Amino acid sequence: MTAEKLIELRGLTKQYGNGEAAFLALRGVDLMIHRGEFVAIMGPSGSGKSTLMNLLGCLDTPTSGSYQFKGIEVENLNKDQRSLLRRHALGFIFQGFNLLARTSALENVELPLLYRGYSRKVRHEMAREALASVGLPDKERNTPSELSGGQQQRVAIARAIVTNPDTLFADEPTGNLDSKTTLEIMDLLHHLNSERGISIIMVTHEDEVAARARRIIHVRDGLISDDIVTR
Ligand SMILES: Nc1ncnc2c1ncn2[C@@H]1O[C@H](COP(=O)(O)OP(=O)(O)O)[C@@H](O)[C@H]1O
Ligand SMILES: [Mg+2]
């Protein structure tokens, strides 16, 4: 069976600013990622990792070049269609967790379901199931400040997967965590990748974290300088 294409970039560029202030953050990136891959993106600060992630996650639009997600040319989608694609097919995790502060874990996880026409009961059930699947069945009522960093990131992961996305984007997901908690979060991401088939694309600057991915892409000065499949 040939692997299904998930992401295909051709000559992708991103320019910030104009005229004198213009800066080319991505300088023509070609990249193919197949469904089910677990990819780490590494590179020095300012090399374009977050820019690339924002484009892949349809949070921003490229200056030129082509981005196909599952064969769909993202450029041809309007703003509403892009946000639908984001809400239905993509999940996001961030270094700073980005949870609502005075809101319980359960309600945080329910947020992406709010505008989908599910009943309250179904939303609760889906959020409970997501929290259980990240190992936090007993923290439904706790607010973020009552949880450890690792637990907060688990809640954020539950929120990202409650919509059953194909693809999870994670920008430095373990950047705020100690090394033991980092390993636990990596185990969880591994599990989501291997057991649920969720494709994962993760930015990290930590070698031990990147080593857990099957493929490591190095970005340098707005271009992919290395693309290594480790196993
Ligand atoms: N909104 C922006 N406006 C202008 N320049 C930006 C903007 N975002 C990023 N840049 C620049 O683009 C380059 C790549 O940034 P970024 O993708 O955030 O790098 P990384 O995530 O690898 O640290 C950097 O030089 C950064 O200063
Ligand atoms: Mg960055």
Side-chain angles (χ1 to χ4, degrees), residues 6-33 37-69 74-75 77 79 82-83 85-86 90-99 149-150 152-153 156-157 159-160 165 167-179 181-182 185-186 189 193 198-230:
L6 181 73
I7 281 169
E8 186 169 12
L9 304 181
R10 292 212 202 101
L12 205 77
T13 75
K14 178 67 184 181
Q15 177 181 316
Y16 293 115
N18 279 301
E20 294 267 296
F23 181 77
L24 203 54
L26 293 180
R27 300 189 293 140
V29 172
D30 299 318
L31 177 63
M32 171 83 83
I33 296 174
E37 284 200 73
F38 192 147
V39 180
I41 299 178
M42 302 193 81
S45 175
S47 56
K49 305 180 297 296
S50 294
T51 301
L52 181 60
M53 289 289 274
N54 290 341
L55 294 179
L56 292 177
C58 301
L59 298 162
D60 200 358
T61 49
T63 305
S64 67
S66 151
Y67 173 16
Q68 292 194 354
F69 183 80
V74 175
E75 169 80 19
L77 303 177
K79 219 176 162 193
R82 273 208 310 275
S83 90
L85 169 68
R86 225 169 28 233
L90 313 179
F92 297 90
I93 322 169
F94 306 93
Q95 178 172 6
F97 320 136
N98 294 20
L99 299 172
Q152 289 182 57
Q153 193 58 300
I157 293 171
R159 182 185 54 187
T167 310
L168 210 51
F169 292 100
D171 200 344
E172 301 265 7
T174 58
N176 282 341
L177 304 174
D178 63 59
S179 54
T181 311
T182 290
I185 293 296
M186 287 310 296
L189 292 180
N193 176 249
I198 300 176
S199 311
I200 299 183
I201 301 166
M202 168 188 74
V203 169
T204 182
H205 64 263
E206 296 165 278
D207 289 328
E208 318 82 78
V209 171
R212 302 292 313 273
R214 223 169 301 133
R215 178 176 174 191
I216 305 179
I217 291 172
H218 287 267
V219 178
R220 189 165 202 99
D221 296 331
L223 284 173
I224 293 177
S225 60
D226 261 311
D227 189 342
I228 305 155
V229 176
T230 54

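In listed order, ligands and their atoms are each counted from 1. Because the structure is predicted, anything quoted here is derived from the model rather than measured.
- When only non-hydrogen protein atoms are considered, atom 18 (O) of ligand 1 lies nearest to S50 CB, 3.7 Å.
- Annotation: the span from K49 atom NZ to I217 atom CD1 amounts to 13.0 Å, rounded to 0.5 Å.
- Ring orientation note: the planes of F69 and Y67 are nearly perpendicular, at an angle over 60° on the 30°/60° scale.
- Scanning the protein for heavy atoms near atom 19 (O) of ligand 1, the closest one is G48 N, 3.3 Å.
- With rounding to the nearest 0.5 Å, the separation of CG in N193 from CD1 in I198 is 8.5 Å.
- When each atom of ligand 1 is checked for a heavy atom of S45 under 4.0 Å away, the hits are 23 (O).
- Atom 26 (C) of ligand 1 has F23 CE2, 4.8 Å as its closest protein atom, hydrogens excluded (heavy atom only).
- The closest approach between S47 and ligand 1 falls below 4.0 Å for a heavy atom of the residue.
- Taken to the nearest 0.5 Å, the CZ atom of R212 stands 11.0 Å off from the CD1 atom of I200.
- To the nearest 0.5 Å, atoms CG (L56) and OG1 (T51) are separated by 10.5 Å.
- Of the N and O atoms on the side chains of S64 and T13, at least one donor lies less than 3.5 Å from an acceptor on the other residue.
- Here S50 meets the criterion, with an N, O or S atom under 2.8 Å of the Mg ion (ligand 2).
- For atom 2 (C) of ligand 1, the nearest non-hydrogen atom of the protein is Y16 CD2, 3.5 Å.
- At least one heavy atom of P44 sits under 4.0 Å from some atom of ligand 1.
- When only modelled atom types and interatomic distance are considered, T182 and E206 share no side-chain donor-acceptor pair under 3.5 Å.
- The neighbour count for R27 CZ, taken as heavy atoms of other residues, nucleotides or ligands under 6.0 Å away, is above 12.
- Among all non-hydrogen protein atoms, the one lying nearest atom 23 (O) of ligand 1 is G46 N, 2.7 Å.
- Residue-to-ligand polar distances keep A25 apart from ligand 1: every N/O pair is separated by 3.5 Å or more.
- Considering only non-hydrogen protein atoms, atom 16 (P) of ligand 1 sits nearest to T51 OG1, 3.7 Å.
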